[in-house]
There are 2 protein chains.
Amino acid sequence: MTKIKESSSISLNKGLAELTCPVTYVMNKIGGHWKPIIIYQLREDAKRYSELRRAIPIITEKMLIQSLKQLEADNLVIRKAEPVVPPFVTYSLSPSGRELVPLMNMMAEWAIQDSGRVML
Amino acid sequence: MTKIKESSSISLNKGLAELTCPVTYVMNKIGGHWKPIIIYQLREDAKRYSELRRAIPIITEKMLIQSLKQLEADNLVIRKAEPVVPPFVTYSLSPSGRELVPLMNMMAEWAIQDSGRVML
DNA sequence: CATGATACATACTTTGGGGTAAGTACTTGT
DNA sequence: ACAAGTACTTACCCCAAAGTATGTATCATG
């Protein structure tokens with residue numbers, strides 16, 4: 001009885017993990033280097049694309065727009081485009097996105113505690 | 001004035017993000033497909049290596065041991081090896097690791113809510 | 001004497017996320 | 001006429017995380 005190979009499980013696993021593991025579900029939504037930072041920037045008020053760019057100068061335009069698209073697809077942020085020229089596009093947190101903020105605060109608290117912990 | 005290039009920023013960014021962003025700090029500790037699942041398995045009691053393997057049959061031994069090593073290095077789990085043969089090794093959550101459990105529960109709650117949300 | 005169980009280790013390959021760099025389309029300012 | 005600002009898009013590359021497969025050392029059991 002040879003092992004049965006079931007079609008490269010790399011992406012399969014990801015789906016499975018997301019189904020079984022809610023933590024992975026969250027990670028997939030707010031994971032990646034930039035998404036939490038973007039969410040943090042939008043925690044209070046909506047911001048224009050260019051405002052975000054200036055608020056996070058280290059990010060490339062590609063990554064910014066890519067992250068924003070993903071956040072929008074996962075409807076954590078809402079994109080509002082006024083059909084004027086030059087374009088005027090604002091991004092803001094959706095209800096789901098807003099509910100993420102206290103969660104991120106908890107993560108921050110844990111991070112502070114953990115980084116200050118002394119091991120015996 | 002040409003742009004100044006500051007030594008391939010890929011790993012630099014990661015470090016910077018971790019310093020500035022506590023969420024990223026958390027992600028780096030419990031990110032990856034397997035770590036949250038392992039922590040979940042250990043949330044109540046310690047488990048042997050082989051118990052973990054059987055509890056998460058889809059994981060490969062390489063990934064299991066790798067994740068465990070990283071969790072140990074970040075001292076979220078504690079490895080206890082009895083010098084007998086056959087080897088008897090148990091893994092359990094450290095204090096830091098245990099404090100992660102309520103955080104993960106919050107993530108789970110958000111995940112449930114979010115996945116059940118209807119978009120208008 | 002070979003198989004299975006214990007708990008790993010290690011070489012090799014794949015793949016997708018992130019980075020670099022450049023282009024697009026349209027208008028205002030000088 | 002040309003730079004600058006708006007908000008993107010696209011082609012290409014690189015690397016680290018994850019996966020595949022196999023090896024190791026010891027003992028018990030059939």
Side-chain angles (χ1 to χ4, degrees), chain A residues 1-17 24 27-38 47-54 56-72 77 79-91, chain B residues 1-18 24 27-38 46-54 56-72 77 79-91:
Chain A
M1 23 185 101
T2 46
K3 253 195 196 163
I4 293 144
K5 193 173 182 181
E6 64 276 61
S7 73
S8 74
S9 60
I10 183 155
S11 50
L12 238 160
N13 277 359
K14 207 171 179 179
L16 233 163
T24 303
M27 301 282 192
N28 288 344
K29 302 264 175 187
I30 65 170
H33 294 324
W34 304 113
K35 288 186 196 171
I37 297 169
I38 293 170
K47 288 219 169 98
R48 293 186 65 176
Y49 174 80
S50 50
E51 287 183 290
L52 283 170
R53 238 181 42 213
R54 279 188 292 269
I56 318 167
I58 200 181
I59 199 176
T60 62
E61 293 200 67
K62 180 205 166 194
M63 288 317 294
L64 178 54
I65 199 76
Q66 195 178 98
S67 307
L68 284 169
K69 295 280 168 210
Q70 287 171 18
L71 288 168
E72 197 197 350
V77 313
R79 194 187 101 111
K80 201 171 283 173
E82 328 260 351
V84 295
V85 61
F88 193 95
V89 182
T90 53
Y91 292 91
Chain B
M1 28 188 98
T2 46
K3 252 192 197 168
I4 294 145
K5 193 173 180 181
E6 65 278 60
S7 76
S8 73
S9 61
I10 182 156
S11 51
L12 239 160
N13 277 358
K14 208 170 177 180
L16 234 164
E18 179 158 350
T24 303
M27 300 283 193
N28 288 344
K29 302 265 177 186
I30 65 169
H33 294 325
W34 303 112
K35 288 186 196 171
I37 298 169
I38 292 170
K47 288 220 168 97
R48 294 186 63 176
Y49 175 81
S50 51
E51 286 182 291
L52 283 171
R53 240 179 42 213
R54 278 188 293 268
I56 318 168
I58 200 182
I59 200 175
T60 63
E61 291 200 68
K62 181 205 166 194
M63 289 317 295
L64 178 54
I65 199 77
Q66 196 177 96
S67 308
L68 283 169
K69 293 282 168 206
Q70 287 171 18
L71 288 168
E72 198 196 349
V77 312
R79 194 187 100 111
K80 200 172 283 174
E82 329 258 351
V84 295
V85 59
F88 192 95
V89 182
T90 54
Y91 292 91

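Residue numbers start from 1 in every chain, and the chains themselves are labelled A, B, ... in the order their sequence lines are given, proteins ahead of strands.
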Round to a whole Å and report the spacing from CG of Asn28(B) to P of dA16(D).
14 Å
Is Met27(A) close to Ile30(B) at the side-chain level, that is, under 4.5 Å between some pair of heavy atoms?
yes
Are Tyr49(A) and dT9(D) close enough that a side-chain N or O sits under 4.0 Å from OP1 or OP2?
no
Tell me the interatomic distance from Lys80(B), atom NZ, to dC8(C), atom P, rounded to whole angstroms.
15 Å
Side chain of Arg48(B) (C-beta onward), nearest among dG19(C), dT6(C), dC8(D):
dT6(C)
Using whole Å, what does the distance between atom P of nucleotide dA17(D) and atom NE2 of His33(B) come to?
12 Å
Atom pair distance, as rounded to whole Å: CD in Gln66(B) and P in dA9(C)
11 Å
Under 4.0 Å, counting only non-hydrogen atoms across every strand here, what does Lys35(A) touch: a base, just sugar-phosphate, or nothing?
nothing
Taking only side-chain nitrogens and oxygens of Arg53(B), does any of them come within less than 4.0 Å of OP1 or OP2 of dT6(C)?
yes
Is there a side chain to side chain contact (heavy atoms under 4.5 Å, CB included) between Met63(B) and Gln66(B) once you walk through the steps?
CA-CA 5 Å; Met63(B) 289 317 295; Gln66(B) 196 177 96; 3.6 Å; yes
So what is the end-to-end bend of the helix from dC1(C)-dG30(D) to dT30(C)-dA1(D), with 5 pairs used at each end and the value given to 10 degrees?
30°
Touch class at under 4.0 angstrom, heavy-atom based, for Ile65(A) against every strand present
base
May I have the distance from Lys69(A) (atom NZ) to dG17(C) (atom C1'), rounded to whole angstrom?
19 Å
Summarise how protein sits on nucleotides 22-30 of chain C as a single string, 5' to 3': B when a protein heavy atom is under 4.0 Å from the base, S for sugar-phosphate-only contact, - for no contact.
-----S---
From C-beta outward on Trp34(B), which listed nucleotide comes closest to its side chain: dT9(D), dG19(D), dG19(C)?
dG19(D)
Hey, could you give me each pair passing salt bridge (Lys or Arg N to Asp or Glu O under 4.0 Å) that has a residue in residues 79-89 of chain B? Not counting sequence neighbours.
none
OP1 or OP2 of dT6(C) versus the side-chain N and O atoms of Ser50(B): is any pair under 4.0 Å?
yes
What is the distance from CD of Glu51(A) to P of dC8(D), rounded to the nearest Å?
13 Å
Does the pair Glu72(B) and Leu68(B) meet the rule for a side chain to side chain contact (heavy atoms under 4.5 Å, CB included), with working shown?
CA-CA 6 Å; Glu72(B) 198 196 349; Leu68(B) 283 169; over 6 Å; no
How do Arg79(A) and Gly31(B) order along DNA chain D: which one's closest nucleotide is nearer the 5' end?
Arg79(A)
Polar side chain donor-acceptor pair, Glu51(A) to Tyr91(A), under 3.5 angstrom:
no
Report yes if a side-chain nitrogen or oxygen of Arg54(B) is closer than 4.0 Å to either non-bridging phosphate oxygen (OP1 or OP2) of dT6(C); otherwise report no.
yes
For Leu64(B) and dA18(D), what is the distance between atoms CG and P respectively, to the nearest whole Å?
13 Å
What is the distance, to the nearest angstrom, from the CE atom on Met27(B) to the C1' atom on dA17(D)?
16 Å
